Number of protein chains: 2
Amino acid sequence: MAAKQAEVTLFPRYAQKPEKYQQWLSSIQERFQEHLGRRGLKLTHQREEILRCLMAAEKHLGVEEMYTILKKQDPLIGRATIFRTIKLLQECGLVAEVGVFQNGGAKFELKADRPHHDHMICVECGRIIEFQSPMMERFQDEAIKRHGFLALWHRHEIFGRCAACSKKRTGTP
Amino acid sequence: MAAKQAEVTLFPRYAQKPEKYQQWLSSIQERFQEHLGRRGLKLTHQREEILRCLMAAEKHLGVEEMYTILKKQDPLIGRATIFRTIKLLQECGLVAEVGVFQNGGAKFELKADRPHHDHMICVECGRIIEFQSPMMERFQDEAIKRHGFLALWHRHEIFGRCAACSKKRTGTP
DNA sequence: GCTAATATTGAGACTCATTCTCAATAGACT
DNA sequence: AGTCTATTGAGAATGAGTCTCAATATTAGC
């Protein structure tokens with residue numbers, strides 16, 4: 001099941017701690033349930049499956065990819081339900097959007113309490129590299145304060161060529 | 001003509017120097033012409049008008065807005081031509097896209113040799129605030145290097161409420 | 001467990017930005 | 001001016017995302 005998709009591993013910090021990882025996943029499901037309860041919404045099989053799909057895939061997923069995966073278990077599932085559920089998951093801070101440039105739609109990732117990070121996106125192979133830079137964050141926050149702005153969310157994506165693709169280019173073209 | 005659109009002033013550095021400003025505009029037109037020549041493309045009235053439109057509007061413009069403005073002078077102009085020309089202008093680095101979130105399409109701004117900046121976008125009033133942070137840039141570049149990434153362009157947009165809209169909220173709701 | 005009240009679902013219609021197609025036209029070079 | 005192409009506008013096409021609605025599933029109360 002998790003065969004070829006180890007390209008981007010979202011959860012390295014759990015690599016050696018499977019029980020902690022399971023705990024984390026359960027806590028996410030609980031949080032979703034809470035959010036639904038708070039808003040008088042219902043927990044359906046589809047919603048459970050969609051969240052589970054994002055939890056199982058240790059990479060960034062687009063709606064179309066999720067649709068393909070989910071249809072195997074539930075051939076009747078509809079794209080609209082996936083869109084709707086993702087919106088709910090974003091609302092309660094469990095999922096974040098990684099906007100992808102021209103061509104196919106957005107991708108999503110499990111956010112929960114993962115530390116904040118931004119993305120570098122390879123325009124050649126499509127790989128998404130996550131990176132952290134506390135100093136960068138710090139000066140960003142400083143700029144936000146300086147302008148009296150109230151930040152709700154942000155999008156910081158760097159497009160270019162990843163190390164591997166740059167090398168390929170420099171070698172024999 | 002330039003009545004209500006002083007909300008975002010893109011060119012404050014030319015406020016006191018109209019002759020310099022004119023020089024700058026001419027240099028932009030030349031650069032566009034050069035780019036077209038280099039690629040064996042032609043300079044048409046439409047292309048000239050579209051660039052002029054972006055130069056005249058001292059704010060970020062969407063395609064639909066440009067279409068409305070341009071139709072006044074050339075009622076036959078087509079949206080497709082605007083899209084095509086913007087693409088050309090982006091290619092040669094004269095225009096940059098400011099992606100705008102869910103709802104209506106992207107906005108564009110004259111880039112040319114303006115210093116690099118990023119954007120804060122007010123989700124309440126739609127205002128786009130430009131900001132610079134050399135330190136932030138510096139640590140971003142550092143992160144890029146650290147990952148052996150070759151950056152081609154980036155997108156850094158902060159969504160939230162501008163100072164004015166935050167104040168409105170805190171007052172009598 | 002059953003029922004009522006209500007939220008949810010999937011299918012397909014719809015929207016809206018952007019791109020494509022193609023026949024007519026306009027630049028650029030001679 | 002004439003020729004060779006690139007360009008144009010109109011409208012069709014695409015594609016992500018949203019909406020509508022009748023059928024269905026979930027939940028709380030019994």
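Numbered from 1 within each chain, the chains take letters A, B, ... in sequence-line order. As the structure is a prediction and not an experimental result, all values here were calculated from the model. No hydrogens, no waters, no symmetry mates; every other heavy atom, side chains included, goes into these values.
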message: Walk along nucleotides 22-30 of chain D from 5' to 3' and tag each nucleotide B, S or - by protein heavy-atom contact under 4.0 Å, base first, then sugar-phosphate.
response: ----BS---
- request: Mind calculating the distance between CD (Glu64(A)) and P (dA16(D)) to the nearest angstrom?
  value: 6 Å
query: In terms of heavy-atom contacts, does NE2 of His45(A) have more than 12 from other residues, nucleotides or ligands at under 6.0 Å?
result: no
- prompt: Hey, are Glu142(B) and Arg138(B) close enough for a salt bridge, meaning a charged N less than 4.0 Å from a carboxylate O?
  reply: no
message: If we ignore hydrogens and angles and just use 3.5 Å, is the side chain of Ser26(B) paired with the main-chain N or O of Gln22(B) as donor and acceptor?
response: yes
- prompt: Under the 3.5 angstrom rule, does the side chain of His117(B) hit a backbone N or O of Pro115(B) as a donor-acceptor pair?
  reply: yes
- prompt: For DNA chain D, whose closest nucleotide is more 5', that of Ala80(A) or that of Leu88(B)?
  reply: Leu88(B)
task: Starting from P on dG9(D), measure out to CG on Leu70(B) and report it in whole angstrom.
output: 10 Å
d(CZ, Arg38(A); P, dA7(C)) in whole Å: 17 Å
task: Would you mind reading off the distance between Met66(B) atom CE and dA17(C) atom P, rounded to a whole angstrom?
output: 15 Å
message: Both Tyr67(B) and Leu36(B) contact DNA chain D. Which one's nearest nucleotide lies toward the 5' end?
response: Leu36(B)
Euclidean distance, atom CZ of residue Arg79(B) to atom P of dA13(D) [Å, nearest integer]: 18 Å
field: Which nucleotide in dG10(C), dG17(D), dG9(D) has an atom nearest any side-chain atom of Ala106(A)
entry: dG17(D)
query: If you check the Phe83(A) side chain, which of dA16(D), dT18(C), dG9(D) turns out closest?
result: dA16(D)
query: Sub-3.5 Å donor-acceptor pair from the side chain of Glu65(B) to the main-chain atoms of Gly62(B), do we have one?
result: yes
- prompt: Are OP1 or OP2 of dT9(C) and a side-chain N or O of Arg47(A) less than 4.0 angstrom apart?
  reply: yes
- prompt: Atom CD of Glu49(B) and atom P of dT7(D): how far apart are they, to the nearest Å?
  reply: 17 Å
query: So, Lys59(A) and Glu109(A), do they make that salt bridge, N to O below 4.0 Å?
result: no
message: Any side-chain to backbone donor/acceptor pair from Glu157(B) onto Gly99(B)? Under 3.5 Å, distance only.
response: yes
query: Can a side chain N or O of Arg84(A) be found less than 4.0 Å away from OP1 or OP2 on dT8(C)?
result: no
field: Distance in angstrom units between Ile82(B) CD1 and dT19(C) P, rounded
entry: 13 Å
- request: Write down the distance between CG (Leu76(B)) and P (dA24(C)), rounded to a whole number of angstrom.
  value: 16 Å
statement: Computed from five pairs at either end and rounded to 10 degrees, the angle between the axes of the helix from dG1(C)-dC30(D) to dT30(C)-dA1(D) is 40°
query: Between Thr68(A) and Glu64(A), is there a donor-acceptor pair closer than 3.5 Å when you use the side chain of the first and the backbone of the second?
result: yes
task: State whether the side chain of Arg47(A) and the backbone N or O of Lys42(A) hold a donor-acceptor pair below 3.5 Å, judged by distance alone.
output: yes
